[in-house]
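Data block below; observations after.
Atom set for the values below is all heavy atoms of this structure, side chains included, hydrogens, waters and symmetry mates excluded. To find a chain, count down the sequence lines: A is the first, B the second, and so on, and within it residues start at 1.
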2 protein chains.
Amino acid sequence: MRRRPIPEATVGRLPIYLRALLDLAESRGETNVSSDELARLAGVNAAKVRKDLSYLGSYGTRGVGYDVEYLLYQITRELGLTQDWPAAIVGIGNLGRALASYKGFSERGFRITAIFDVDESVIGEEVGGMIVRHLDELKEVVAEMGTSIGIIATPPLAAQEVADKLVDAGVKSILNFAPAVVNVPPDVTVRKVDLSIELQILSFYQQRTQAIATAREANRRLRNQHGAG
Amino acid sequence: MRRRPIPEATVGRLPIYLRALLDLAESRGETNVSSDELARLAGVNAAKVRKDLSYLGSYGTRGVGYDVEYLLYQITRELGLTQDWPAAIVGIGNLGRALASYKGFSERGFRITAIFDVDESVIGEEVGGMIVRHLDELKEVVAEMGTSIGIIATPPLAAQEVADKLVDAGVKSILNFAPAVVNVPPDVTVRKVDLSIELQILSFYQQRTQAIATAREANRRLRNQHGAG
DNA sequence: TAACGCTTGTGAGCGTAATCACAAACCGAA
DNA sequence: TTCGGTTTGTGATTACGCTCACAAGCGTTA
């Protein structure tokens, strides 16, 4: 099965398995795990776990399960987490500051190595142990530090311009928190995290269930009335 | 076509169209837009735009396009954004603070109406114009304010417990920023935003393209050597 | 009114992802 | 070595989403 390309959907779940496995290894010291248990920890079903892992190769043992350490290593390697990918944040507002000190990044081996803004009142300030630099220095700093990931945390209007500068500086992976669509060349990967879109999606489902409940209620009343009349 | 349920994938794009339409209405004062232009603004293709919009009903005019204001209204209504959904944030660390003052929420009509933590040194503090309350007050405050959305911004270990409390308080929509899987009853919707997972996915693709580049390079050298030999 | 250019709405086809279900393989016990 | 219990790996099936391509319908012009 190996060397079929790993499906996107699977790539999205590997980090979840990774975290579950780390928990298992650290807290319980488990050496083995079944697809059933891993599925429970990851909040998916067991068949999906097995199929996902099968894309990496046959790393399980029938009748036994998967060796936690070995699987950890394989997923880590497949995700490219054996090397480190220095990241830079552009836009040091509320969100940028929070990201600069976000512990979840360093825990997964991502180092924020530089932070940028254009606001003179922010430049030179220390945030998360780093000094805020002017965006004009981006290209130079990226080259110097081998930055491979750019994180956009600017207002929406600045996002495209910042993306262009990141691309120009040679960055091939961008995580965009600005609520705006950014266009990049095909060899650059952009992922978008849009906080208010998430709320809007929640709103949709909430409204729908509420509408259903209201309709049921109306129906019930109508039936009762009819039965009574 | 109406009254087929709207596919999840479409729901996820409606907020993007919404934003594009708002931009059109505000900045250009355009009254009409074609699926082609909307597609360009949203970063998708025109057929997808048309199919997505067709789930809402036939709101376009052949040969002309869509009326911006009318479409805006329909999407807003479909997403349930005509009413407001008070939200509460639990966990006032770096991320919680940033979210509490995040302008993107209010711009899309979401109001954060209460913020919670368990750390006594944080309780009582003012963040984003609100006073941090103790998590124990959650149920009471949710009832009082009609809170419908819960935002979890705690460390991973606390996430499940907070989710349980939100569910117990009657919240049906949860946005989870903690890097942990949370389980909820089937009538509750959870959406997850996991920042380090996004970076790990970027890492995967970055590593892959880098591996390809390296392999090409090796191949090239090999061929050259062969040609020379 | 008729003809033409433009844009929507959607059926059909295709590719990807999820799920099912079971043979293959392993371990331990007898 | 054989048997029984267990769990993986994967072909087959189903569901879902995307894209294509074109008929249907609108507005405009003559």
Side-chain angles (χ1 to χ4, degrees), chain A residues 1-17 20-21 24 30-72 74-75 78 186 201 204-205, chain B residues 1-17 20-21 24 30-72 74-75 78 186 201 204-205:
Chain A
M1 196 153 183
R2 187 77 172 118
R3 296 306 79 152
R4 273 187 270 166
I6 300 182
E8 254 182 86
T10 295
V11 173
R13 282 186 297 265
L14 289 179
I16 303 176
Y17 302 145
L21 289 166
L24 279 175
E30 285 294 338
T31 65
N32 248 91
V33 64
S34 68
S35 61
D36 245 329
E37 185 174 12
L38 192 49
R40 201 177 43 73
L41 292 170
V44 302
N45 74 44
K48 208 185 280 186
V49 169
R50 290 200 297 276
K51 186 142 260 186
D52 283 343
L53 296 182
S54 79
Y55 291 111
L56 309 183
S58 285
Y59 296 146
T61 307
R62 294 168 193 232
V64 178
Y66 300 87
D67 182 87
V68 172
E69 286 297 333
Y70 189 56
L71 198 52
L72 264 175
Q74 293 299 341
I75 295 181
E78 198 69 48
I201 294 171
F204 173 83
Y205 289 108
Chain B
M1 195 153 184
R2 187 77 172 119
R3 293 309 79 153
R4 273 187 272 170
I6 300 180
E8 256 182 84
T10 296
V11 173
R13 283 186 295 265
L14 290 179
I16 303 176
Y17 303 146
L21 289 166
L24 279 174
E30 285 294 337
T31 66
N32 247 91
V33 64
S34 68
S35 59
D36 245 329
E37 185 172 13
L38 192 49
R40 199 177 44 73
L41 292 170
V44 300
N45 74 43
K48 208 186 280 188
V49 169
R50 290 200 297 275
K51 187 145 262 187
D52 283 343
L53 296 181
S54 78
Y55 291 112
L56 310 182
S58 284
Y59 296 147
T61 307
R62 293 167 194 234
V64 179
Y66 299 88
D67 182 88
V68 173
E69 287 295 335
Y70 188 56
L71 198 51
L72 264 175
Q74 293 299 343
I75 294 180
E78 198 69 48
I201 295 171
F204 173 84
Y205 289 109

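Ring centroid separation for the pair A/Tyr59 and A/Tyr66 does not come in under the 6.0 Å cut-off.
Between A/Arg50 atom CZ and D/dG11 atom P the separation is 14 Å, expressed in whole Å. Rounding to whole angstrom units, CZ of residue B/Arg40 and P of C/dT7 are separated by 14 Å. Atom pair A/Tyr55:OH and D/dG11:P shows a separation of 11 Å (rounding to whole Å applied). Distance B/Asn32 CG to C/dC6 C1': 13 Å, rounded to the nearest Å. Remark: C1' of C/dT7 and CG of B/Leu53 are 13 Å apart, rounded to the nearest angstrom. Atom CG in A/Leu56 sits roughly 12 Å away from atom P in D/dT10 (whole-Å rounding). Separating the CG atom of B/Leu71 from the P atom of C/dT8 is a distance of 11 Å, rounded to the nearest angstrom. Protein atom CG of B/Leu14 is 13 Å distant from nucleotide atom P of D/dG17, rounded to whole Å.
Scanning all heavy atoms of the two residues, the minimum distance from A/Asn45 to A/Ala39 falls at C-CB, 3.6 Å. For the pair B/Asn32 and B/Gly65, the tightest heavy-atom approach, listed with the atom from each and the gap, is ND2-C, 3.6 Å.
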Open item on the list: For a side-chain contact (heavy atoms from CB on, under 4.5 Å) check, start with the C-alpha distance between A/Val68 and A/Leu72, then their side-chain angles and the critical distance, and finish with the verdict.
Closed with: CA-CA 6 Å; A/Val68 172; A/Leu72 264 175; 4.2 Å; yes
Task: Stepwise side-chain contact (heavy atoms from CB on, under 4.5 Å) check, A/Tyr205 with B/Val11 - done: CA-CA 9 Å; A/Tyr205 289 108; B/Val11 173; 4.1 Å; yes
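OP1 or OP2 of C/dT8 sits under 4.0 Å from a side-chain N or O of B/Ser35. Distances shorter than 4.0 Å separate some side-chain N or O of A/Tyr66 from OP1 or OP2 on D/dG9.
Contact check for A/Leu56 versus A/Ile6: side-chain heavy atoms found under the 4.5 Å cut-off. By the 4.5 Å heavy-atom criterion applied to side chains, A/Glu37 and A/Leu24 are counted as neighbours. Side-chain contact check for A/Tyr17 versus A/Leu71: every heavy-atom pair is 4.5 Å or farther apart. Side-chain contact between B/Ile75 and B/Leu53 is present, with at least one heavy-atom pair separated by less than 4.5 Å.
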- [ ] For nucleotides 23-30 of chain C, just jot down a letter per nucleotide in 5' to 3' order: B, S or -, based on protein non-hydrogen atoms under 4.0 Å.
- [x] BBBBS---
Open item on the list: At under 4.0 Å between heavy atoms, how does the protein contact nucleotides 12-20 of chain C? Give one character per nucleotide, 5' to 3', with B, S or -.
Closed with: B----SSBB
